[in-house]
Amino acid sequence: MARPKRIADTIELIGVGHPGLGDLYHGLIRAPWSATLALIVAAYLIINLAFACAFAITGGIDGARGFLDLFFFSVETSGTIGYGALHPVTTAAHLVVTVESIVSILLVALTTGLVFAKFSIPRARVRFATNPTIAPYDGVPTLYIRLGNQRDSRLIDATLRVVLMRTERTKEGVTMYRMYDLVLERERSPAMSRSWIALHRIVEGSPLHGSTPESLASQEAELMLTVIGMDEISVQSHHAQHLYEAKDLRWGMRPGDMVSELPDGRLRVD
């Protein structure tokens, strides 16, 4: 499933200032596991290298025969391993060990919190169809949007919202980006299991009434979908989001059937 576009991917922002390290936590939460783990390992190595340099400057580590021994002594200190082959013998070395112990406690606490947060964040596995379609339904032009739940557990009281976003020009000649809620035949599912086809009838009063592929493209129209529900296993609120552009719409088509019956009587959901 494609990830929804973010503002930072499509819009250049000015005048908001750079957050610096203020958004570091959110950045690490959103980053892939590989990037987060790489940063944790890099921070751990850099801190131990820094304390190895401090031990080299202050001296006082009995049994150390070079910088590599000092680095490994720093690793043993930060991990509270303490094999005993190396140990501080001067006040300066003891002070460096004390500072490193404090830094290690903070690093372990921050790392544990970050890893737990990334594991515990609820993530819905909702898959959206590649293309929404517009075709007659009971003689009325209708927007079809298909989505499905990829988990075995159901989303309880799942609610779907569809918003049409497009550019418009006011009578004063001002170009504005407007949002319109699309009324669905059913916007709530008591227990979303595998599939759901959302329907919006394009009747008079609908924001899509009278639209054509050309008009939607000229208006830079987009459809934003949001799904919110509670996972029945974790009892946590899950949400998913997807964005369709005007070029993704397929006119004069309807979604194919997903459910078919097998020879033994069981149902197959594609």
Can you name the nearest heavy-atom pair linking [X] to [Y], along with the distance?
{"X": "Ile156", "Y": "Glu232", "answer": "CG1-CB, 3.9 Å"}
{"X": "Ala93", "Y": "Ile61", "answer": "CB-CD1, 3.9 Å"}
{"X": "Pro132", "Y": "Ile145", "answer": "CB-CG1, 4.0 Å"}
{"X": "Arg154", "Y": "Ala191", "answer": "NH1-CB, 3.8 Å"}
{"X": "Ser189", "Y": "Trp196", "answer": "N-CH2, 3.8 Å"}
{"X": "Lys247", "Y": "Arg250", "answer": "O-NH1, 2.9 Å"}

With distance as the sole test, does [X] use its side chain to make a donor-acceptor pair with the main-chain N or O of [Y] at under 3.5 Å?
{"X": "Asp248", "Y": "Glu245", "result": "yes"}
{"X": "Lys118", "Y": "Leu28", "result": "yes"}
{"X": "Thr167", "Y": "Gln219", "result": "yes"}
{"X": "Thr111", "Y": "Val108", "result": "no"}
{"X": "Asp69", "Y": "Phe73", "result": "no"}
{"X": "Arg266", "Y": "Pro263", "result": "no"}

(request) Determine the interplanar angle of the Phe51 and Phe55 rings, folded into 0 to 90°, and report it as parallel if under 30°, tilted if 30 to 60°, perpendicular if over 60°. (result)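 Ring orientation of Phe51 relative to Phe55: tilted.
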Check for me, please, whether [X] and [Y] land in the same ILVMFWY cluster - side-chain distances under 4.5 Å, paths through other members count.
{"X": "Val75", "Y": "Val41", "value": "yes"}
{"X": "Ile40", "Y": "Leu24", "value": "yes"}
{"X": "Leu86", "Y": "Leu49", "value": "yes"}
{"X": "Val126", "Y": "Leu160", "value": "yes"}
{"X": "Tyr137", "Y": "Leu184", "value": "no"}

Under a 4.5 Å cut-off applied to non-hydrogen side-chain atoms, are [X] and [Y] in contact?
{"X": "Phe128", "Y": "Gln241", "value": "no"}
{"X": "Leu182", "Y": "Arg161", "value": "no"}
{"X": "Thr58", "Y": "Leu95", "value": "no"}
{"X": "Arg178", "Y": "Glu168", "value": "yes"}
{"X": "Arg169", "Y": "Val174", "value": "no"}
{"X": "Met165", "Y": "Met224", "value": "yes"}
{"X": "Tyr25", "Y": "Leu110", "value": "no"}
{"X": "Leu249", "Y": "Thr133", "value": "no"}

Spacing of [X] atom [atom1] and [Y] atom [atom2] [to the nearest 0.5 Å]:
{"X": "Leu225", "Y": "Leu147", "atom1": "CG", "atom2": "CG", "answer": "7.0 Å"}
{"X": "Arg146", "Y": "Thr130", "atom1": "CZ", "atom2": "OG1", "answer": "11.0 Å"}
{"X": "Ile202", "Y": "Leu208", "atom1": "CD1", "atom2": "CG", "answer": "5.0 Å"}
{"X": "Ser153", "Y": "Met230", "atom1": "OG", "atom2": "CE", "answer": "12.5 Å"}
{"X": "Ser206", "Y": "Leu143", "atom1": "OG", "atom2": "CG", "answer": "8.5 Å"}
{"X": "Asp157", "Y": "Ile228", "atom1": "CG", "atom2": "CD1", "answer": "10.5 Å"}

(request) Give the intermediate values and the outcome of side chain to side chain contact (heavy atoms under 4.5 Å, CB included) for residues Leu243 and Leu223. (result) CA-CA 6 Å; Leu243 181 69; Leu223 293 175; over 6 Å; no
Would you please say whether a donor-acceptor pair under 3.5 Å links the side chains of [X] and [Y]?
{"X": "Ser78", "Y": "Tyr44", "answer": "yes"}
{"X": "Arg188", "Y": "Thr159", "answer": "no"}
{"X": "His200", "Y": "Thr142", "answer": "no"}
{"X": "Ser74", "Y": "Thr77", "answer": "no"}

(request) Apply side-chain hydrogen bond (donor to acceptor under 3.5 Å, both in side chains) to the pair Ser215 and Ser218, showing each step before the final yes or no. (result) CA-CA 5 Å; Ser215 66; Ser218 65; 5.7 Å; no
(request) Could you check Leu45 against Phe71 for side chain to side chain contact (heavy atoms under 4.5 Å, CB included), going step by step and ending with a plain yes or no? (result) CA-CA 9 Å; Leu45 294 177; Phe71 173 77; 4.1 Å; yes
(request) Would you confirm whether the ring centroid of Phe119 sits within less than 6.0 angstrom of the ring centroid of Trp33? (result)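 Yes - the distance between ring centres of Trp33 and Phe119 falls below the 6.0 Å cut-off.
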(request) Let me see the working for Glu261 and Arg268 under salt bridge (charged side-chain N to carboxylate O under 4.0 Å, His left out), right down to the final yes or no. (result) CA-CA 6 Å; Glu261 187 174 355; Arg268 170 184 290 168; over 6 Å; no
(message) Taking side chain to side chain donor-acceptor pair (under 3.5 Å) as the criterion, tell me which of Arg166, Glu222, Glu220 meets it with Tyr177.
(response)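 So, applying the side chain to side chain donor-acceptor pair (under 3.5 Å) to Tyr177 and each of Arg166, Glu222, Glu220, only Glu222 qualifies.
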(message) Heavy-atom count check: over 12 atoms from other residues, nucleotides or ligands less than 6.0 Å from His87 NE2?
(response)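 It does: His87 NE2 has more than 12 such atoms within range.
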(request) Could you walk me through whether Arg201 and Glu185 pass the side chain to side chain contact (heavy atoms under 4.5 Å, CB included) test, one step at a time? (result) CA-CA 8 Å; Arg201 292 179 179 269; Glu185 288 292 293; 3.2 Å; yes
(request) Take Val162 and Asp181 through the side chain to side chain contact (heavy atoms under 4.5 Å, CB included) test and state the conclusion after the steps. (result) CA-CA 6 Å; Val162 181; Asp181 293 324; over 6 Å; no
